[in-house]
Amino acid sequence: MENSEIAAIFEDIAHLLEIRGENPFRVRSYKRAAEAVSSMTVSAEKLVGEDEKSLEEIPGIGKSIHEKIVEIVRTGDCSLKKELLEKFPDGILDLLKISGVGPKKAALFYEKLGIGNVDDLEKAVNEGRLGDVAGLGEKTEINLKRAIAAYRSIQGSSLRYKLSLAMSSVDKYSKHMLSVKSVKRAEFAGSLRRWKETVGDLDMLVESNDHEAALERFVSYGEVAEVVQRGEKKAAVRLKNRLQVDLRVVDKDEFGAALQYFTGSKSHNVALRDRAKRMGFKINEYGVFSEKTGKKVAGADEKGVYEKVGLCWIEPELREDIGEIAAAEKGKLPKLVDVDDIQGDLHMHTTESDGHNSLEQMAEAAIKRGYSYIAITEHSKAVGIAHGLDETRLRKSLKAIDNLNEKLKKKKAKFFVLKGAEVDIRHDGSLDYEEDALGELDCVVAAVHSSFNMPKAEMTERIIRAIESGLVNIIAHPTGRLIGYRPPYEMDMEKVVKAAKTHNVALELNSFPERLDLSDVHCRLAKEHGVPVVISTDAHSEHDFANIVYGVHTARRGWLEKNDVLNARPLVELKKFLAKGG
DNA sequence: GCCGTTTTCGGCCCGACTGTTTTCAGTCG
């Protein structure tokens, strides 16, 4: 039982309670529990039975939720959820995914019209049966029709968008806004600013002394397909690429408070406002206000908002309510790793296997980025589809690297190319090169590329066997997930991390936007166990080096500091680690 | 259902927009 599965059950319970009109704070407790469980670095299943008491130390988990976690782990289901589903069909949860349908409407649909799923709703709308119910008018019917069509069109694909797609829309839209005189600043907030791996929509914030002009500029952007909403202070549009963008227009002295508010996360904001309230302040998107006098005491900049409630400024990537507020209070926030800290890249391909640039071109591009080293890591022979190298071709390519290093040395370039390989971890955990060949390498990156459907215990064994070989330095894309396409393979990450610690192996954080593997949560786990993380790009062309930002920001979401990142170390120290010297 | 620098009981973040209705409920973020 994965943490994400337990979280999903709590999520469902929260929604079902909401539909039943239960105490909204009870509903929130289940939502909060869902978030708490999914951001845990250890598996809840493991804690049950072993260290069960520690469950209640997690904020948001009390006695009742604790008992339900135990029940879910033991039985695979939750009696409360079953009980709730006796009153409603489970298709009712899908109704909530229709934009404009919340718990109240879902309950109304079911009670008055017997609508229990999206198909029923669509039928009712098409037959014009909604008008019979008090409180539902013509406009609602039109909006529902459109919302159902939108729901259908994204079914099967992920509801959220990869961060990289969202990023590609950001710059152009900002420029479009800033080209109007009254718009002084334009920034994107929301999950994009927190660098979440996927985003549901974009939140743009602009400072303007003419709200109407800013709103008009916003909806007249060339990529807009549809204006979803428009008021005096905010508007929302859907772009041609289907991404929704929300705009909020604020005045100069509100910008910081608004930026804080719209960056979220929601649970971070709830915790922050709760804290403010206890201190006699009220925080909203316009500023921080004294509860007593009603006077505004902060709001122009974000830092001021945090300082007013006794905290130092918190990096957006940390704002998930998983301990950052307590850390900020004590001045114990991590000093997060930065893109500029990265000294080199330890995973890339050239035209020898399935890359698009030559060895020399990759080296040159890396030098241009200011790196002091790279490792060339072609595929091994088992990965035939990527023109993996056998031992003979491998040795030939190593010679080319030696030659290049010679040349670089003569030129007095402070740059070194490490001899590496992305060795396939075979089905049985053995490595796809002979030991002799592996011995000639500076940097052995090992990865799983086949048999993704193995049982959890076997996959864990497979990877650990590779780690225990003593021949491996780094495990690449450790879970194999492709965001939106392929789930991670079943594997006990904690066991893998512990084995990595014992055998001086680092774990890769692959920066490809569809991988981001390790995830932020797994980065925290690695850090807790003192296992270094390598932020690599797995570049197949020189352009892919730019993806490093996605890796670094994911690492930042995982609270990693410079010291936690292997390739933030200078070459000498890196070599020491690769020689298993720690 | 959770939680505690007022509290083990009584609170629990806050505001904009829409639609429908004539003062507000529901949804969303």
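All values reported here derive from a predicted model rather than from experimental measurement. By convention in this document, chain letters (A, B, ...) are assigned in the order of the sequence lines, proteins followed by strands, and residues within each chain are numbered from 1.
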For B:dT8, the Watson-Crick or wobble counterpart (both distances under 3.5 Å): none
task: Measure up the A:Trp195 and A:His553 rings against each other and bin them: parallel (under 30°), tilted (30 to 60°), perpendicular (over 60°).
output: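 Rings of A:Trp195 and A:His553: parallel, as their planes differ by under 30°.
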- prompt: Where does the angle between the aromatic ring planes of A:Tyr221 and A:Tyr173 fall among parallel (under 30°), tilted (30 to 60°) and perpendicular (over 60°)?
  reply: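 Ring orientation, 0 to 90° scale: parallel.
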- prompt: Think A:Arg193 forms a cation-pi with A:Phe188, using NZ or CZ under 6.0 Å from the six-ring centre and within 45 degrees of its axis?
  reply: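 No.
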- prompt: Looking at the angle O4'-C1'-N9-C4 for a purine or O4'-C1'-N1-C2 for a pyrimidine, is B:dT5 syn or anti, with syn meaning within 90° of 0?
  reply: anti
field: Positional range of nucleotides in DNA chain B within the contact set of chain A, heavy-atom, under 4.0 Å
entry: B:dG1 to B:dG29
Assess whether a salt bridge exists between [X] and [Y], defined as any Lys/Arg side-chain N lying under 4.0 Å from an Asp/Glu carboxylate O.
| X | Y | result |
| --- | --- | --- |
| A:Glu22 | A:Arg26 | yes |
| A:Arg146 | A:Glu141 | no |
| A:Glu56 | A:Lys63 | no |

Using a cut-off of 4.0 Å on non-hydrogen atoms, how would the nucleic acid contact of [X] be classed: base, sugar-phosphate, or nothing?
| X | answer |
| --- | --- |
| A:Pro24 | nothing |
| A:Ile283 | sugar-phosphate |
| A:Asn23 | base |
| A:Val101 | sugar-phosphate |

Say you pick atom [atom1] in [N] and the same atom in [M]; how far apart are they, in whole Å?
| N | M | atom1 | result |
| --- | --- | --- | --- |
| B:dT6 | B:dG10 | C1' | 12 Å |
| B:dG11 | B:dA16 | P | 26 Å |
| B:dG15 | B:dT22 | C1' | 22 Å |
| B:dC14 | B:dC9 | C1' | 25 Å |
| B:dT23 | B:dC13 | P | 29 Å |
| B:dT8 | B:dG1 | C1' | 14 Å |
| B:dC12 | B:dT5 | P | 16 Å |

A:Pro103 vs A:Glu141, nearer the 5' end of DNA chain B by closest nucleotide: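 On the 5' side of the pair lies A:Glu141.
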- request: Could you check A:Asn284 against A:Glu56 and say which one's nearest nucleotide on DNA chain B is further toward the 5' end?
  value: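 Looking at DNA chain B, the more 5' nearest nucleotide goes with A:Glu56.
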- request: Mind checking side chain to side chain donor-acceptor pair (under 3.5 Å) for A:Glu45 and listing every partner two or more places apart, or none if nothing turns up?
  value: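 Checked A:Glu45 against side chain to side chain donor-acceptor pair (under 3.5 Å); zero matches.
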message: Using a 4.0 Å cut-off on heavy atoms, which residues in residues 247-270 of chain A reach DNA chain B? List them by number, or say none.
response: A:Arg248, A:Tyr261, A:Lys266, A:Val270
A:Lys112 atom NZ, neighbour heavy-atom count above 12 within 6.0 Å: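 Result for NZ/A:Lys112: open.
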query: Less than 6.0 Å separating the ring centroids of A:Phe281 and A:Phe289?
result: no
field: Partner of A:Val249 by side-chain contact (heavy atoms from CB on, under 4.5 Å), out of A:Val206, A:Asp210, A:Asn209
entry: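 Considering A:Val206, A:Asp210, A:Asn209, a side-chain contact (heavy atoms from CB on, under 4.5 Å) with A:Val249 is found only for A:Val206.
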